[in-house]
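Structure, as structure tokens:
Predicted model only: the values in this text are computed from it and were never measured. Atoms within a ligand are numbered from 1 in the order they appear, just like the ligands themselves.
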Amino acid sequence: MAKRADFVWMDGKIVPWDQATVHVSADTVLRGGNVFEGMRAYWNEDERELYIFKNAEHLRRLRQSAKIMRMSFPYTDAEFTEAFIQLIRRNKFTDSVHFRPVVYFDTGEPGGYLPEEIRTGAFVLAYSRPHAKSVYSGVHTCISTWRRNSDTAMPPRIKAAANYHNSRLAHVEARVNGFHTPILLNDRGKISESSGSCIMLVRDGVVITPPVTADILESITRVTLINLFRAELGVDVVERDVDRTEAYISDEAFFCGSGQEVTPILTVDHYPLGDGKVGPLTKKIQDLYFEITKGKVAKYRHWLTPVYQHVGAK
Ligand SMILES: Cc1ncc(COP(=O)(O)O)c(C=O)c1O
């Protein structure tokens with residue numbers, strides 16, 4: 001992997017990028033045994049400050065993923081938060097950052113499956129990641145021929161690296177076929193989510209999104225936007241099963257996630273949504289999301305954790 005930052009946080013220490021390694025016999029290598037989070041810190045140029053967005057919510061979901069895996073959790077939330085802050089500071093990021101805390105099964109008994117037979121470790125990778133161009137220009141998407149892995153087999157609710165094998169199949173297929181990213185149906189034939197984000201449609205001024213029982217990751221951005229639609233834009237949001245053909249006739253639609261942020265969907269299977277341009281409600285919620293994540297809305301500053309002014313940080 002190309003070097004993307006100078007330092008990595010690994011098992012309690014900040015180490016140079018090249019020294020952040022695990023052994024090839026580690027369970028995380030052999031079986032994809034890890035859980036992780038994808039988080040962002042947003043740069044506020046006026047304040048020259050980076051703000052971690054919804055830190056507590058991400059740490060909670062990381063713990064929940066580990067719980068379902070029956071993994072021990074090697075650090076407290078305070079220790080992880082301090083690790084994020086120190087790592088971002090050490091890399092001297094002054095632009096928006098995407099970072100990935102990972103709790104992983106390391107080496108253990110040969111063939112060992114039980115958590116007590118395997119050492120559990122943790123690391124955090126951080127990258128500079130400004131907005132992608134597609135958040136402004138929008139994307140073309142398709143219904144994947146691959147189905148989303150199901151809660152009865154490999155629960156998407158666990159943010160586990162191994163789940164992204166399913167995402168990879170669907171994503172690569174979409175790209176090979178000339179689309180930006182896929183929409184996956186679940187095993188009941190209803191829309192679940194994309195390879196790395198959730199989906200929302202707009203029909204007749206109402207936002208519709210698949211429920212948390214549709215084989216989706218319980219997305220933090222999804223909940224954030226549902227609340228903002230209701231509280232700030234006075235827009236109804238309905239969480240219910242969504243048919244594939246509803247996507248074709250929706251007025252607008254977008255993907256949402258920490259990585260994808262709010263990414264407008266222009267077409268689905270070549271059907272243009274609305275006039276085939278970025279939808280007005282999509283633009284409105286995106287503007288609001290960006291204002292809030294960058295710390296420009298006082299009411300929502302409690303969703304943010306400052307990096308450079310952090311009390312107690314050196
Ligand atoms: C499969 C999948 N669904 C949904 C999301 C969105 O989740 P969140 O908003 O918590 O980032 C992500 C990305 O993080 C994802 O990988």
More than 12 heavy atoms of other residues, nucleotides or ligands under 6.0 Å from CZ of Arg175: is that the case?
no
Do Ile220 and ligand 1 have an N or O pair less than 3.5 Å apart?
yes
Between OG1 on residue Thr282 and CG on residue Leu273, distance to nearest 0.5 Å
9.0 Å
Per atom 16 (O) of ligand 1, closest listed option by heavy atom (Phe255, Tyr164, Phe53):
Tyr164
Go through it in stages, so that I can follow the logic: the residues are Leu266 and Val278, the test is side-chain contact (heavy atoms from CB on, under 4.5 Å), and I'd like the CA-CA distance, side-chain angles, deciding distance and then a yes or no.
CA-CA 6 Å; Leu266 307 177; Val278 175; 4.2 Å; yes
N or O contact, His58 vs ligand 1, cut-off under 3.5 Å
no
If I apply the N/O under 3.5 Å rule, does Glu218 come out as touching ligand 1?
no
Can you find an N or O of Arg222 that's nearer than 3.5 Å to an N or O of ligand 1?
no
For atom 14 (O) of ligand 1, what is the closest protein heavy atom, and at what distance to 0.1 Å?
Lys159 NZ, 3.2 Å
List ligand 1 atoms under 4.0 Å from Cys198, heavy atoms only on the residue side.
4 (C)
Checking heavy atoms under 4.0 Å, the part of Ser195 that sits near ligand 1 is backbone
Got an N/O contact under 3.5 Å between Ser194 and ligand 1?
no
Does atom CG of Asp275 have more than 12 heavy-atom neighbours from other groups under 6.0 Å away?
yes
Considering Ser258, Gly196, Gly257 one by one, which has a heavy atom nearer to atom 12 (C) of ligand 1 than any of the others?
Gly196
Taking the six-membered ring for Trp, are Tyr104 and Phe123 parallel (under 30°), tilted (30 to 60°) or perpendicular (over 60°)?
tilted
For the CH2 atom on Trp43, are there more than 12 heavy atoms of other groups (residues, nucleotides or ligands in this structure) within a distance under 6.0 Å?
yes
Distance-only N or O hit between ligand 1 and Arg148, under 3.5 Å
no
Judged by non-hydrogen atoms, does Ser167 sit under 4.0 Å from ligand 1?
no
Return the residue, atom name and 0.1 Å-rounded distance of the protein heavy atom closest to atom 3 (N) of ligand 1.
Glu193 OE1, 2.6 Å
Does NZ or CZ of Arg40 lie under 6.0 Å from the centre of the six-membered ring of Phe53, at an angle within 45° of the ring axis?
no
Sub-4.0 Å heavy-atom contact, Gly259 with ligand 1:
no
Out of Glu261, Arg100, Arg61, indicate the one that has the non-hydrogen atom closest to atom 10 (O) of ligand 1.
Arg61
Does Gln260 approach ligand 1 within less than 4.0 angstrom via side chain, backbone, both or neither, non-hydrogen atoms only?
neither
Plane angle bin for His131 and Tyr42 - parallel if under 30°, tilted between 30 and 60°, otherwise perpendicular
tilted
Within 45 degrees of the axis of the six-membered ring of Tyr113 and under 6.0 Å from its centre: does Arg70 put its NZ or CZ there?
no
Are more than 12 heavy atoms, taken from residues, nucleotides or ligands other than Arg31, located less than 6.0 Å from that residue's CZ atom?
yes
